[in-house]
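Indexing begins at 1, ligand by ligand and atom by atom, following the structure's order.
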Amino acid sequence: MRRKIKYIVVHCTGTTPDATIDSILKFWKEVRKWNNPGYHYLIKRNGEIVSLLSEDKIANGVKDFNIECVHVAYIGGVDKAGNRTDNRTPAQIRSLFNKLVALSEKYPGATILGHRDFKGVTKKCPSFDVREWLRNYTPDELAIAA
Ligand SMILES: [Zn+2]
């Protein structure tokens, strides 16, 4: 059965850019003891989108809201020194935008938010302001057409 999706949520993995999907999955399973992944989709540095979980299933992205969320994360968000930073590659930015467009079409009533935009969240995830980015972002196709 299809869930009622109220939020499309953007995350970073909160790792350095070189983190592998295997190491991220291992962390969730062994450290967090989660049965399901944290996100439905992971975006690799080369822009490739990897599906970790069916959208019908509930992931672990935002405590207390997961039942109404689809979660998308890019690999990165933290630099080598451990500081929070928006280190998305151009390929990740493009893929993230396209995925958000596709999910919005699939769930027309849903709101796109960053993890940190939820009430009571003190994390910095996804290390940038999602709503501001979406307001200002110009997809490549439009840039070429202009
Ligand atoms: Zn997050």
Side-chain angles (χ1 to χ4, degrees), residues 1-140:
M1 204 186 79
R2 188 185 266 201
R3 292 188 290 136
K4 180 157 174 35
I5 299 300
K6 213 166 146 186
Y7 304 104
I8 298 162
V9 191
V10 179
H11 300 264
C12 60
T13 53
T15 61
T16 52
D18 55 5
T20 63
I21 293 182
D22 279 349
S23 69
I24 293 163
L25 290 174
K26 200 169 165 203
F27 175 80
W28 288 333
K29 209 172 157 113
E30 292 176 7
V31 181
R32 298 267 199 232
K33 310 282 182 202
W34 287 347
N35 291 321
N36 280 346
Y39 325 112
H40 296 87
Y41 298 100
L42 259 190
I43 304 177
K44 290 163 67 173
R45 303 300 288 176
N46 65 4
E48 187 191 330
I49 300 173
V50 178
S51 172
L52 299 180
L53 186 69
S54 155
E55 288 171 30
D56 302 335
K57 301 244 166 67
I58 297 167
N60 283 301
V62 185
K63 199 172 176 288
D64 300 331
F65 289 93
N66 289 312
I67 201 159
E68 303 175 296
C69 294
V70 171
H71 301 286
V72 183
Y74 69 95
I75 293 182
V78 169
D79 67 19
K80 296 274 178 209
N83 300 309
R84 285 277 169 183
T85 181
D86 177 5
N87 53 13
R88 287 174 296 164
T89 63
Q92 280 179 315
I93 290 173
R94 221 174 299 127
S95 291
L96 176 61
F97 183 80
N98 292 341
K99 192 69 197 166
L100 293 176
V101 169
L103 288 170
S104 306
E105 283 167 2
K106 188 166 177 187
Y107 306 107
T111 306
I112 300 172
L113 288 177
H115 186 176
R116 68 185 193 183
D117 300 324
F118 283 81
K119 202 163 175 265
V121 171
T122 52
K123 293 180 181 184
K124 298 269 194 297
C125 179
S127 301
F128 68 99
D129 186 329
V130 172
R131 285 172 293 184
E132 192 192 299
W133 169 62
L134 286 174
R135 268 197 302 276
N136 297 312
Y137 181 69
T138 309
D140 292 351

Partner residues of Lys119 under the salt bridge (charged side-chain N to carboxylate O under 4.0 Å, His left out) criterion, sequence neighbours left out =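 Lys119 satisfies salt bridge (charged side-chain N to carboxylate O under 4.0 Å, His left out) with no other residue.
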
Relative to the Zn ion (ligand 1), how many protein N, O or S atoms have a separation of less than 2.8 Å?
->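 Atoms of protein N, O or S type lying less than 2.8 Å from the Zn ion (ligand 1) total 3.
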
Backbone of Val78 reached by a side-chain donor or acceptor of Asn87 within 3.5 Å |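 Answer holds: yes.
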
Any residue meeting ring-ring contact (aromatic ring centres under 6.0 Å, His included) with Phe97, in chain and number order, not counting sequence neighbours |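 Partners of Phe97 under the ring-ring contact (aromatic ring centres under 6.0 Å, His included) test: Tyr137.
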
His11: ring-ring contact (aromatic ring centres under 6.0 Å, His included) partners, not counting sequence neighbours =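 ring-ring contact (aromatic ring centres under 6.0 Å, His included) list for His11, sorted by chain: Tyr39, His71, His115.
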
If you round to the nearest 0.5 Å, how far is SG of Cys69 from CD1 of Ile8?
->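 Those atoms lie 10.0 Å apart.
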
Does a side-chain heavy-atom distance below 4.5 Å link Leu113 with Arg131?
->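 Leu113 reaches Arg131 side chain to side chain.
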
